Asks: 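Next up is a structure, given as structure tokens.
Residue numbers start from 1 in every chain, and the chains themselves are labelled A, B, ... in the order their sequence lines are given, proteins ahead of strands. Predicted model only: the values in this text are computed from it and were never measured.
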Protein chains: 2
Amino acid sequence: MSTTQERTEEQDLPYDVFSRACPSRGTLEHVTGRWGALTLGALHEGSFRFNELRRRVDGVSEKMLSQTLHALERDGLVHREAQPTNPPRVDYELTALGREVAERLIALIECLEGRMDDVLASRERYDARVRA
Amino acid sequence: MSTTQERTEEQDLPYDVFSRACPSRGTLEHVTGRWGALTLGALHEGSFRFNELRRRVDGVSEKMLSQTLHALERDGLVHREAQPTNPPRVDYELTALGREVAERLIALIECLEGRMDDVLASRERYDARVRA
DNA sequence: CAGGATCCCCGATGATACTG
DNA sequence: CAGTATCATCGGGGATCCTG
């Protein structure tokens, strides 16, 4: 297998997110988008109903959550389980594919959360340098 | 234990991206943003000059690349090495922290690229279902 | 409760021109 | 080459109202 070092030598990969036209770029944006990432992250912890999810993903509006869930469901990352009861009950959970993706996303998020002190320190240094 | 939040075993983490006010959310957006993710992905392959990077990240404008690089540099993920020659030469490369983050990001991207066939298949099923 | 439909605004983004 | 400055735009995204 090709080394991960030289992407230039991976010409045989059918999908390349670095190419403007590749559909993988769209999916990447769904996954890493403002609300997509947080939604997948939340669903990684279990199954949730719409409004549970909305409270979990602090700040998301109904519209954006709905829209985000649709995009993720369409991409096959999220499964929507609706029960035709009254009042309605709908549960969302990750698919197998969704779990794979969320796993990587969580790793990224936790890495970031764990390094925020460094990030904030870097910002202060940067701002001090620029102010001069 | 906790009543509202059940972030499994990480209750003591000082930074929580799920909270609207947490600065980690901003950094996550720099990292996973439209151009941030691709820029980090490109820089994971080595050191690049401004216009090299611009060609690599297909579709990015000068302004957005510049802006993205500034944000990543400020967060301490990217190092900018400028040589006061004429014509000027500036190289960008990941910092140690940037490599850690990029590593996770690459894992996510490659996971996605490798599963795009499933994603596209899921989309077709979804669209067919909706069309009915 | 789970969302769809609408209105509307502001900020992200692109295009262009200019500079050291 | 490596950007910055400026202007115009387009759609992401919030607020609100409505329905099954």
Side-chain angles (χ1 to χ4, degrees), chain A residues 20-21 25-39 42-43 47-75 78-93 126 129-132, chain B residues 18 20-21 25-39 42-43 47-75 78-93 126-127 129-132:
Chain A
R20 187 176 359 194
R25 186 179 285 194
T27 301
L28 178 64
E29 281 169 21
H30 292 159
V31 170
T32 63
R34 182 151 181 218
W35 303 119
L38 296 177
T39 301
L43 286 174
S47 174
F48 289 95
R49 303 178 61 174
F50 188 82
N51 282 303
E52 286 176 337
L53 220 39
R54 196 154 123 68
R55 280 186 293 274
R56 210 125 203 345
V57 181
D58 188 25
V60 69
S61 68
E62 290 185 0
K63 192 179 88 171
M64 292 317 297
L65 180 57
S66 171
Q67 190 172 302
T68 299
L69 285 169
H70 278 311
L72 294 177
E73 187 192 358
R74 191 169 102 101
D75 285 350
V78 164
H79 174 68
R80 180 178 188 275
E81 187 77 33
Q83 288 165 33
T85 61
N86 191 331
R89 178 189 179 101
V90 181
D91 290 88
Y92 292 93
E93 59 185 343
Y126 182 93
R129 209 180 314 141
V130 169
R131 214 187 322 280
Chain B
F18 287 94
R20 185 179 358 197
R25 187 180 284 194
T27 301
L28 178 64
E29 281 169 20
H30 292 158
V31 170
T32 62
R34 183 153 181 214
W35 303 120
L38 297 176
T39 301
L43 285 174
S47 173
F48 289 95
R49 304 177 61 174
F50 188 82
N51 282 303
E52 285 177 338
L53 219 38
R54 195 156 122 73
R55 279 186 292 275
R56 216 149 174 35
V57 180
D58 189 24
V60 69
S61 68
E62 290 184 1
K63 193 178 82 172
M64 292 316 298
L65 180 58
S66 171
Q67 191 172 304
T68 299
L69 286 169
H70 279 310
L72 295 177
E73 187 193 357
R74 190 169 103 100
D75 284 350
V78 164
H79 174 69
R80 179 178 188 275
E81 186 78 31
Q83 288 165 33
T85 61
N86 191 328
R89 179 188 176 101
V90 181
D91 290 87
Y92 291 93
E93 58 185 344
Y126 182 93
D127 292 344
R129 208 180 315 142
V130 169
R131 213 187 324 279

Asks: side-chain contact (heavy atoms from CB on, under 4.5 Å) between A:Thr39 and A:Leu72: does it pass, once the steps are laid out?
Replies: CA-CA 9 Å; A:Thr39 301; A:Leu72 294 177; 4.1 Å; yes

Asks: Checking B:Arg25 side chain against B:Phe18 main chain: does a donor-acceptor pair fall under 3.5 Å?
Replies: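 Flag set: sc B:Arg25 to bb B:Phe18 pair under 3.5 Å.
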
Asks: So, B:Glu52 side chain and B:Arg49 main chain: donor-acceptor pair closer than 3.5 Å or not?
Replies: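 It does hold such a pair.
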
Asks: Do the side chains of A:Glu93 and A:Phe48 get nearer than 4.5 Å, heavy atoms only?
Replies: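 Contact flag for A:Phe48/A:Glu93 side chains = no.
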
Asks: Students should find this one: the first and last nucleotides of DNA chain D, 5' to 3', lying under 4.0 Å from a heavy atom of chain A. What are they?
Replies: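 So the outermost contacting nucleotides come out as D:dG13 to D:dG20.
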
Asks: Just the rounded figure in Å: distance from C1' of C:dG3 to CD of A:Glu52.
Replies: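 After rounding, the gap between these two atoms is 16 Å.
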
Asks: Name the nucleic acid region contacted by A:Arg54, choosing base, sugar-phosphate or nothing; use a 4.0 angstrom heavy-atom cut-off, strictly under.
Replies: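 Answer is nothing: A:Arg54 stays at 4.0 Å or more from every strand.
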
Asks: Restricting to pairs with a member in residues 78-90 of chain B, which pass salt bridge (Lys or Arg N to Asp or Glu O under 4.0 Å), not counting sequence neighbours?
Replies: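 Every pair satisfying salt bridge (Lys or Arg N to Asp or Glu O under 4.0 Å) with a residue in residues 78-90 of chain B: B:Arg89-B:Asp91.
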
Asks: In this structure, how many angstroms lie between the P atom of C:dT13 and the CH2 atom of B:Trp35, rounded?
Replies: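 Going from CH2 in B:Trp35 over to P in C:dT13 covers 8 Å.
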
Asks: Could you work out, with side chain to side chain donor-acceptor pair (under 3.5 Å) as the rule, every residue matching B:Thr27, not counting sequence neighbours?
Replies: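 Here the qualifying residues are A:Arg123.
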
Asks: Do A:Arg55 and A:Asn51 come within less than 4.5 Å of each other through their side chains, counting heavy atoms only?
Replies: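 Yes, at least one pair of side-chain atoms sits under 4.5 Å.
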
Asks: Return yes if some donor-acceptor pair links the side-chain N/O of B:Ser66 with the main-chain N/O of B:Glu62 below 3.5 Å, else return no.
Replies: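 Answer holds: no.
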
Asks: With side-chain contact (heavy atoms from CB on, under 4.5 Å) as the test, would you mind laying out the steps for B:His79 and B:Tyr92 before giving the verdict?
Replies: CA-CA 6 Å; B:His79 174 69; B:Tyr92 291 93; over 6 Å; no

Asks: May I have the distance from B:Phe50 (atom CZ) to C:dG20 (atom P), rounded to whole angstrom?
Replies: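 The answer, rounded to whole Å, is 18 Å.
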
Asks: Write down the protein N/O and nucleotide N/O pairs, taken from nucleotides 15-18 of chain C, whose separation is under 3.5 Å; answer none if there are no such pairs.
Replies:
none

Asks: Could you please spell out the steps behind the side-chain contact (heavy atoms from CB on, under 4.5 Å) verdict for B:Leu69 and B:Phe50?
Replies: CA-CA 9 Å; B:Leu69 286 169; B:Phe50 188 82; 4.0 Å; yes

Asks: Whole angstrom is fine here: how far is it from CD in B:Gln67 over to P in C:dT13?
Replies: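 Value for this atom pair: 7 Å.
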
Asks: Let me test you: for the helix from C:dC1-D:dG20 to C:dG20-D:dC1, what is the angle between the axes at its two ends (five pairs each), rounded to 10 degrees?
Replies: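 Its terminal axes enclose an angle near 50°.
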
Asks: A:His70 or A:Pro87: which one's nearest nucleotide on DNA chain C is closer to the 5' end?
Replies: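 Nearest-nucleotide comparison on DNA chain C picks A:Pro87.
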
Asks: If the condition is salt bridge (charged side-chain N to carboxylate O under 4.0 Å, His left out), which residues does B:Arg54 pass it with, not counting sequence neighbours?
Replies: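 Listed in chain order: nothing, the list is empty.
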
Asks: Atom CZ of B:Arg34 and atom P of C:dG11: how far apart are they, to the nearest Å?
Replies: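 To the nearest whole Å, that distance equals 18 Å.
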
Asks: Round to the nearest Å and state the distance from A:Glu81 atom CD to C:dA2 atom C1'.
Replies: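 Distance check: A:Glu81 CD to C:dA2 C1' gives 15 Å.
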
Asks: Could you state the atom-to-atom distance from CZ of A:Arg49 to C1' of C:dG3 in whole Å?
Replies: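 Checked: the CZ to C1' distance equals 13 Å.
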
